[in-house]
Amino acid sequence: MQHSAPYWTWFCLLLLVGVPAHRTQASTTPNFVIIVADDLGWRDPGFMGSDYHRTPHLDRLASEGLVFEQAYANAAVCAPTRAALLSGMYNVRTGVYTVGRGPSNVEELPLKTPRNVSSLDGGIVTLPEVLQDAGYATGHFGKWHLGRATGATGPEANGFDVSVGASRGGGTRTYFAPYGISSLDRDAPEGEYLTDRLTDEAIRFVEDHREEPFFLWLAHYAVHTPIEADPDVLDEVSTWPIGDLHNNAEYAAMLASLDAGVGRLLDALETAGVSDNTVVVFVSDNGGGRRVTSMAPLKGRKGSLSEGGIRVPCVVRYPDVIEPGRQTDTPVLLFDLYPTLLEFAGARPPRGQPIDGVSWVPLLRGKTNTLKTRNLVWHLPLYRTSPRGNVTGKPTAVLRRDRWKLIHDFETGTSELYDLQEDIGETKDLAATRIGTVRLLERELNTWQRTTDAPVPSANAAYDRTGAP
């Protein structure tokens with residue numbers, strides 16, 4: 001009996017030494033990988049019904065996770081959606097409503113509108129900052145579009161330990177090196193393909209941090225313009241039969257390269273031994289762009305608050321938690337990922353900062369949830385403009401509740417009403433026949449505006465109504 005204590009002591013020590021560090025973290029704290037495509041339409045991936053695009057790796061991810069059939073971006077363009085994702089808040093709290101410089105003919109417009117903000121306020125505690133405090137390694141790879149690539153408004157000042165591939169603007173000059181992106185061009189071989197390079201950087205991050213919890217934000221520039229495909233991939237895609245819904249070979253090849261990168265990243269997680277304990281999310285930041293794809297049967301596209309501009313593909317895989325092969329028609333907003341990831345990580349939300357998103361954890365675990373009954377709101381109190389400053393859309397607010405979608409025009413004070421359960425294409429405005437529903441939803445919208453202190457456009461004193469067209 002005198003030797004029993006030392007024997008068990010040494011036995012326990014041997015057990016501890018024999019357990020790899022990444023296995024220890026994998027049993028307690030999940031890793032997070034968020035893959036954000038740029039301008040990818042709701043129907044573009046194979047798992048969402050494309051009859052032309054081939055996305056076997058995304059389809060595999062969908063078959064192993066939960067597909068959201070009614071996932072919504074927080075805006076119809078990229079920057080405000082990214083601001084909402086990183087802050088967990090509606091755009092009325094960040095001030096990031098749109099992109100661009102705004103209208104060039106303000107005095108000719110009926111409404112005076114608030115100013116747009118192009119970067120995150122330094123006082124906002126972002127999702128990666130909370131995860132940093134919880135012991136996570138954080139990495140950002142690719143598009144930023146919330147300020148400069150470096151400095152006070154860059155990724156590394158907003159919670160990322162490392163950032164590669166960010167540019168000040170919302171796109172890349174070209175998909176072939178040199179890209180005009182300093183953090184990539186200094187060591188990029190000429191002709192390197194951008195989507196492949198960002199995937200390489202993401203895989204390297206996984207390999208470097210496999211023994212600690214990590215948060216990986218892979219923000220692809222694809223499939224945003226310029227439409228430039230890898231020639232070898234394009235050669236293969238050119239042999240595919242054209243579909244009824246999609247038919248642009250170069251765009252399809254760009255998506256095929258993105259899909260291949262997703263496959264390589266999933267394989268890297270498996271090789272690192274952390275796949276089962278990693279939450280992988282794939283989303284797009286808004287609807288698809290003009291001419292290169294189709295959102296049918298949805299109305300509108302990028303830049304529009306119709307369904308085609310804001311409804312996006314979304315899938316979440318977490319092998320330890322999510323039953324594979326599931327789908328849900330529960331309407332959700334992408335900024336819900338902020339509280340969702342915090343709950344999975346066991347991390348506390350920032351004190352004194354509102355979180356407007358709602359955690360998906362009960363839904364992901366297959367439990368009954370109340371998400372279907374909440375209001376989803378898009379508040380755009382600005383005039384939408386083209387890159388040259390020409391007005392392309394009026395100040396608008398949208399409220400989605402259950403099957404009903406209200407679109408309110410701030411200029412006229414009138415609203416449109418659509419039943420998305422019966423009319424997903426928003427072809428029949430029911431406002432004239434469902435007056436009670438319109439009034440109810442308008443009251444809900446007004447209550448939301450008061451609760452969030454949302455800025456509302458006002459009459460423009462400089463506007464000459466007598467000379468207006």
Side-chain angles (χ1 to χ4, degrees), residues 39 41-42 68 70-100 111 113-114 116-117 283-288 295 298-312 314 330-338 354 356-358 371-372 374-385 392-418 420 424 426 429 431 438 441-457:
D39 291 1
W42 181 61
F68 289 82
Q70 297 193 61
Y72 287 96
N74 284 81
V77 290
C78 45
T81 292
R82 293 163 196 268
L85 268 165
L86 289 170
S87 68
M89 299 188 293
Y90 275 112
N91 304 111
V92 296
R93 304 192 196 275
T94 66
V96 184
Y97 293 106
T98 185
V99 296
L111 297 179
T113 62
N116 182 60
V117 176
V283 297
S284 178
D285 61 352
N286 49 247
M295 261 59 67
L298 304 183
K299 176 183 177 181
R301 58 187 67 249
K302 175 184 178 180
S304 166
L305 290 176
S306 297
E307 293 292 287
I310 53 178
R311 193 181 289 210
V312 295
C314 176
T330 300
V332 296
L333 282 165
L334 294 189
F335 71 175
D336 293 337
L337 286 169
Y338 191 112
D356 296 312
V358 177
L371 293 180
K372 286 188 177 182
R374 66 170 171 158
N375 295 332
L376 308 183
V377 179
W378 293 262
H379 186 76
L380 183 60
L382 312 177
Y383 286 95
R384 283 164 279 177
T385 61
T392 59
K394 299 178 182 180
T396 307
V398 173
L399 185 140
R400 163 83 194 265
R401 182 175 180 84
D402 293 332
R403 65 196 296 167
W404 301 108
K405 180 177 180 179
L406 181 88
I407 304 177
H408 182 73
D409 183 332
F410 283 113
E411 266 195 12
T412 63
T414 60
S415 298
E416 301 172 20
L417 179 70
Y418 297 98
L420 295 181
I424 193 175
E426 299 169 281
D429 180 5
V438 170
L441 297 181
E442 285 180 338
R443 287 197 298 270
E444 293 280 325
L445 180 60
N446 290 337
T447 298
W448 178 90
Q449 290 168 345
R450 290 194 302 270
T451 301
T452 60
D453 197 24
V456 175

Heavy-atom check, side chain of E307 versus side chain of K405, under 4.5 Å: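 With C-beta onward as the side chain, the pair touches.
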Is the shortest heavy-atom distance from the side chain of P455 to the side chain of V92 under 4.5 Å?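 Answer yes - side chains close enough.
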Between D356 and R374, does any side-chain N to carboxylate O distance fall below 4.0 Å?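 Answer for the salt bridge query: no.
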With distance as the sole test, does [X] use its side chain to make a donor-acceptor pair with the main-chain N or O of [Y] at under 3.5 Å?
{"X": "T81", "Y": "A75", "result": "yes"}
{"X": "E426", "Y": "Y418", "result": "no"}
{"X": "S306", "Y": "G308", "result": "no"}
{"X": "N91", "Y": "P80", "result": "yes"}
{"X": "D39", "Y": "G288", "result": "no"}
{"X": "N74", "Y": "A84", "result": "no"}

Shortest non-hydrogen separation from [X] to [Y] and the atoms involved:
{"X": "T94", "Y": "S87", "value": "CG2-OG, 3.6 Å"}
{"X": "L376", "Y": "P331", "value": "CD1-CB, 3.7 Å"}
{"X": "G357", "Y": "D336", "value": "CA-OD1, 3.2 Å"}
{"X": "P381", "Y": "P457", "value": "O-CG, 3.4 Å"}
{"X": "L334", "Y": "V312", "value": "CD1-CG2, 4.3 Å"}
{"X": "P395", "Y": "L111", "value": "CG-CD1, 4.1 Å"}

Nearest 0.5 angstrom please: [X] [atom1] to [Y] [atom2], how far?
{"X": "F335", "Y": "L85", "atom1": "CZ", "atom2": "CG", "result": "9.5 Å"}
{"X": "E444", "Y": "W404", "atom1": "CD", "atom2": "CH2", "result": "14.5 Å"}
{"X": "L382", "Y": "Y97", "atom1": "CG", "atom2": "OH", "result": "7.0 Å"}
{"X": "W448", "Y": "L441", "atom1": "CH2", "atom2": "CG", "result": "14.5 Å"}
{"X": "N286", "Y": "L305", "atom1": "CG", "atom2": "CG", "result": "11.0 Å"}
{"X": "D285", "Y": "I310", "atom1": "CG", "atom2": "CD1", "result": "13.0 Å"}

Residues T392, Y383; criterion side-chain contact (heavy atoms from CB on, under 4.5 Å); working and verdict: CA-CA 7 Å; T392 59; Y383 286 95; over 6 Å; no
Evaluate side-chain contact (heavy atoms from CB on, under 4.5 Å) for N375 paired with R400, printing each intermediate quantity in order. CA-CA 6 Å; N375 295 332; R400 163 83 194 265; over 6 Å; no
Trace of the side-chain contact (heavy atoms from CB on, under 4.5 Å) decision for F68 with T330: CA-CA 7 Å; F68 289 82; T330 300; 5.7 Å; no
For the aromatic rings, using the six-membered ring if either is Trp, is the centroid distance between W378 and Y72 under 6.0 Å? yes
Do S415 and E442 have side-chain atoms, one donor and one acceptor, less than 3.5 Å apart?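 Side chains of S415 and E442: pair found under 3.5 Å.
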Take K394 and E411 through the test salt bridge (Lys or Arg N to Asp or Glu O under 4.0 Å) and record every step on the way to the result. CA-CA 7 Å; K394 299 178 182 180; E411 266 195 12; 3.6 Å; yes
Which residue, R384, H379, E416, H408, forms the side chain to side chain donor-acceptor pair (under 3.5 Å) with T396? R384
Given side-chain contact (heavy atoms from CB on, under 4.5 Å), test I424 with L298 step by step and report yes or no. CA-CA 6 Å; I424 193 175; L298 304 183; 3.5 Å; yes
